[in-house]
Amino acid sequence: MTTKATLAILKILENLYPNPKTALKHNGPFQLLVATILSAQCTDERVNQITETLFPAFPTAHHLAAASFEEVAAHIRSAGLWRNKAQNLIKTAQILVEKHGGQVPNTREELEALPGVGRKTANVVLANAFGIPAIAVDTHVFRVANRLGLSSAATPQETERQLMEAIPKEKWIDAHHWLIRHGRALCKARSPLCDQCPLQEHCRYFQEKQTSSG
DNA sequence: ATCCCGAGGG
DNA sequence: CCCTCTGGAT
């Protein structure tokens, strides 16, 4: 795909999804980290519902580091994977206190060393908490980027690399949100709403669908 | 049944 | 690459 074609797609997405931002409600890096760890295999709406009581109960890493498993679990049982998440949240908070003065680190290496924090979560925190350009590839970004032809990849890791190559760095953070928004709104996994999509003429998936099914 | 703005382990 | 962890929404 040419740079010109890529920029055309980004421009349309920008108009479709103005003022992109995380759907996870948070105030500061610590809350964003907690919310993002909770968001695995779980809707943002439920995460926001959980953190509404979780954040006041454990306002800082120090509070969370001193919490018991049951104390934390009581808040997050409506999220899937809650056993892992409760354990990871406490352990992560303890590492923040022991190694980072109770603060959230701002490098990929330090973030990914935290339990429950992988590539995607680290990128979300880097981008949304620290403004450091990153593209977090979740299931939506992976699917939408491959359909549009912005990437042609077998793994999320590879999609991330191809997107960083194709998209100007100053647009990485916004592009991440645009692709996610589009994945939820129109470019859905099961029944994509191509008839409502303004990207038809730019989309590899749509073009192939037209030529193959008549 | 299938998916959700995944991570960790084999 | 594969698998498991998990509740809730559709």
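Any value given below was found using the heavy atoms of this structure, including those in side chains, with hydrogens, waters and symmetry copies removed. What you are looking at is a predicted structure, and each value in this text was computed from that prediction instead of being measured.
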- Query: CD of A/Q87 versus P of B/dG8: gap in Å, rounded?
  - Reply: 12 Å
- Task: Please work out which of the three classes, parallel, tilted or perpendicular, describes the rings of A/F69 and A/W82, given edges at 30° and 60°.
- Result: tilted
- Less than 4.0 Å between a side-chain N and a carboxylate O, is that true for A/R77 and A/E70? yes
- Query: So do A/P156 and A/K120 actually touch side chain to side chain, heavy atoms under 4.5 Å?
  - Reply: no
- Query: Near DNA chain B, which residues from residues 166-195 of chain A have a heavy atom under 4.0 Å away?
  - Reply: A/I180, A/R181, A/R184, A/R190
- Message: Rounded to whole Å, how long is the line connecting atom CD1 of A/I76 with atom C1' of C/dG8?
- Response: 15 Å
- Interatomic distance at P, B/dT2 relative to C/dC3, whole Å: 15 Å
- Any donor-acceptor pair under 3.5 Å linking the side chain of A/T60 with the backbone of A/H63? yes
- Query: For the pair made of NZ in A/K91 and C1' in B/dG8, what is the distance, rounded to whole Å?
  - Reply: 16 Å
- Any donor-acceptor pair under 3.5 Å linking the side chain of A/T92 with the backbone of A/L89? no
- Message: What is the distance, to the nearest angstrom, from the CG atom on A/L81 to the C1' atom on C/dC5?
- Response: 5 Å
- Ignoring backbone atoms, test whether A/N84 places a side-chain nitrogen or oxygen under 4.0 Å from the OP1 or OP2 oxygen of C/dT6. yes
- Query: In terms of side-chain heavy atoms, does A/H182 have a donor or acceptor partner in A/Y17 at a distance below 3.5 Å?
  - Reply: yes
- If we only count heavy atoms from C-beta on, is the A/D174 to A/E14 side-chain gap below 4.5 Å? no
- Query: Nearest-Å distance, NZ (A/K85) to P (B/dC4)?
  - Reply: 14 Å
- Examine A/V97 and A/I95 and state if one hydrophobic cluster contains both, with Ile, Leu, Val, Met, Phe, Trp and Tyr joined whenever side-chain heavy atoms are less than 4.5 Å apart. no
- Message: Are the side chains of A/P198 and A/L186 in contact, using a 4.5 Å heavy-atom criterion?
- Response: yes
- Please determine if a side-chain N or O atom of A/R83 lies less than 4.0 Å away from the OP1 or OP2 oxygen of C/dC5. no
- Taking CG from A/L89 and P from C/dT6, how many angstroms apart are they, rounded to a whole number? 14 Å
- Which residues, if any, of residues 117-142 of chain A bring a heavy atom under 4.0 Å of DNA chain C? none
- Item | Residues from residues 23-50 of chain A lying under 4.0 Å of DNA chain C - heavy atoms | A/Q41, A/R46
- May I ask you to test the A/I167-A/W172 pair for a side-chain heavy-atom distance under 4.5 Å? yes
- Message: Classify A/P156 by what it touches in the nucleic acid, base, sugar-phosphate, or nothing, heavy-atom distance under 4.0 Å.
- Response: nothing
- Task: Would you please test A/N128 and A/H176 for side chain to side chain donor-acceptor pair (under 3.5 Å) and show each step?
- Result: CA-CA 11 Å; A/N128 294 285; A/H176 158 65; 4.9 Å; no
- Give the rounded distance in Å between these two atoms: OH of A/Y17 and C1' of B/dC5. 14 Å
- Query: Within a strict 4.5 Å, meaning less than it, do heavy atoms of the A/P29 and A/Q103 side chains meet?
  - Reply: no
- Query: When the P atoms of B/dC5 and C/dT4 are considered, how many whole Å apart are they?
  - Reply: 23 Å
- Task: Can you tell me, in whole Å, how much space there is between the C1' of C/dC1 and that of B/dC4?
- Result: 23 Å
- Please state how far atom CD in A/E112 lies from atom P in B/dA7, giving the value in whole angstrom units. 8 Å
